[in-house]
Amino acid sequence: MKFCRLRSLLSLAKCNSQTFPPTTPRTFSSTNHHLQNVGFIGLGNMGSRMANNLIKAGFKLIVHDKNSDVLEMFSQMGVPTKKTPYEVSEASDVVITMLPSSAHVIDVYTGPNGLLHGGKLIRPWLLIDSSTIDPQTSRNLSATISNYILKEKKGDWEMPVKLDAPVSGSIIAAEAGTLTFMVGGSEEALLAAKSLFLSMGKSTIYCGGAGSGSAAKICNNLALAVSMLGISEALALGQSLGVSASSLTEIFNCSSARCWSSDTYNPVPGLMEGVPSSRDYNGGFASKLMAKDLNLAVESAKLAGCKYPLTSQAQEIYTELCNGGHDTKDFSCAFRHYYSGMDEPLDN
């Protein structure tokens, strides 16, 4: 009965989250005391924007990043900065991490001066990892944290908990606060921390136990990579057969081929404003990150005993793009992999 009620409340929270206009600052003046001090580690393109939205929402932030220039920028904004993850942990009720890879996450949690450096006692009652990493690492860290004890009780929480909460959405979505969070771990903890998620995103989807958020993110990006390659291949073939990209796109978008890669993030330069393909594939989601996520998908498929022919092919294509010097270009530059008839070659 308890879990049914939680699911009902969470569903209501999802609906309510969509009532906030993306450009409207969201403040939570009645924030519970167990969410007052929020540590944020990883202030890259996504993390810095997520942190900014937390500040706008009224949370008290403490931040850390290896980039001293980024730390200086936040310091000038009046945000306390710390030299190590452990120092962030000691000053926070909740810690959010947004890091490049599984290795970075493991280091921040368990490395020298990591979040868990202080023995079996820890101050934050909730640790949220929004990095895109393999599900097994997420599960292992959750299991490790379950053996820790809070230095002091936070509200109803006597033991620390961890959520894996990777995001869907670009840098633009991170800045606008319209990310989608895919969450694995304690559903009760997710509900208790909903104001944090609502300050950074438009929706939060509960996926199941520890590691399920990370698994969902890998599946999402696998489907995205394959659909982008399929749309790119079809557009390249059509143009080679004498059908314009604009005509094909119009057909796709009112037919069964319609997808996000065709109607929102078209890979053909000049067809759509505000997307990376119309600015020489700069900005957006780098090909090297897509290649990393496809590597995670392949490894996960092997562990699960699943077949992965399309994943494998997509992995090869994005690895080839990266090896060709296009690793920092948006992943939609895969269109050039199929169609070499553009005015200029893809450059760096």
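Since this is a predicted model, take the numbers as computed values, not measurements. Atom set for the values below is all heavy atoms of this structure, side chains included, hydrogens, waters and symmetry mates excluded.
- Counting only N and O atoms by type, the side chains of Thr137 and Asn140 include no donor and acceptor under 3.5 Å apart.
- Summarising the local packing, CG of Asp156 is surrounded by 12 or fewer heavy atoms from other residues, nucleotides or ligands at distances under 6.0 Å.
- In the hydrophobic clustering of this structure, Leu296 does not group with Val183; members are Ile, Leu, Val, Met, Phe, Trp, Tyr whose side-chain heavy atoms approach within less than 4.5 Å, directly or through other members.
- To the nearest 0.5 angstrom, Leu121 atom CG is 11.5 Å from Leu116 atom CG.
- Counted by atom type alone, Thr97 and Asp129 present one or more donor-acceptor pairs between their side chains at under 3.5 Å.
- Classification of Lys329 and Asp280 as a salt-bridged pair holds, one side-chain N sitting under 4.0 Å from a carboxylate O.
- A donor-acceptor pair is defined here as one N or O able to donate and one able to accept, closer than 3.5 Å; no such pair exists between the side chain of Lys56 and the backbone of Ala51.
- Under the 4.5 Å side-chain contact rule for hydrophobic residues, Leu224 and Val226 share a cluster.
- Note that CD of Glu320 and OG of Ser287 are 11.5 Å apart. Values are rounded to the nearest 0.5 Å.
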Ser332/Ser277 under side chain to side chain donor-acceptor pair (under 3.5 Å): CA gap, chis, key distance, verdict:
CA-CA 7 Å; Ser332 61; Ser277 62; 5.3 Å; no

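- Under a cut-off of 6.0 angstrom, the local environment of NZ in Lys120 is crowded, with over 12 non-hydrogen atoms contributed by other residues, nucleotides or ligands.
- Ion pairing between Arg258 and Glu250 fails under the 4.0 Å rule for side-chain N and carboxylate O.
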Using the rule given for ring-ring contact (aromatic ring centres under 6.0 Å, His included), can you reason through Phe331 versus Tyr265, listing the C-alpha separation, both sets of side-chain angles and the distance that settles it, and then say yes or no?
CA-CA 10 Å; Phe331 80 104; Tyr265 213 79; 5.7 Å; yes

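- Placement of Ile171 and Leu54 within a single hydrophobic cluster is found when ILVMFWY residues are connected by side-chain heavy-atom separations under 4.5 Å, directly or transitively.
- The aromatic rings of Trp125 and Trp157 lie parallel to each other, with less than 30° between the two planes, well short of the 60° mark.
- Screening Ser300, Ser131, Ser138, Ser102 for a side chain to side chain donor-acceptor pair (under 3.5 Å) with Ser214, the sole residue that qualifies is Ser138.
- For Thr81 (side chain) and Leu71 (main-chain N/O), no donor-acceptor pair under 3.5 Å exists by modelled atom type.
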Checking Asp263 against Asn253 for the side chain to side chain donor-acceptor pair (under 3.5 Å) test, could you report, in this order, the C-alpha distance in whole Å, the side-chain angles of both residues, the deciding distance, and whether it holds?
CA-CA 6 Å; Asp263 69 5; Asn253 291 345; 5.7 Å; no

Verdict with supporting geometry, Ser244 and Ser247, side chain to side chain donor-acceptor pair (under 3.5 Å)
CA-CA 5 Å; Ser244 70; Ser247 294; 2.9 Å; yes

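- Residues Leu321 and Phe285 share a single hydrophobic cluster, defined by chaining ILVMFWY side chains whose heavy atoms lie under 4.5 Å apart.
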Side chain to side chain donor-acceptor pair (under 3.5 Å) assessment of Asn295 paired with Glu299:
CA-CA 6 Å; Asn295 290 340; Glu299 292 306 312; over 6 Å; no

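- Looking only at distances, a side-chain donor or acceptor of Thr84 sits under 3.5 Å from a matching main-chain atom of Glu87.
- Within a 6.0 Å radius of NZ in Lys83, other residues, nucleotides and ligands contribute 12 heavy atoms or fewer.
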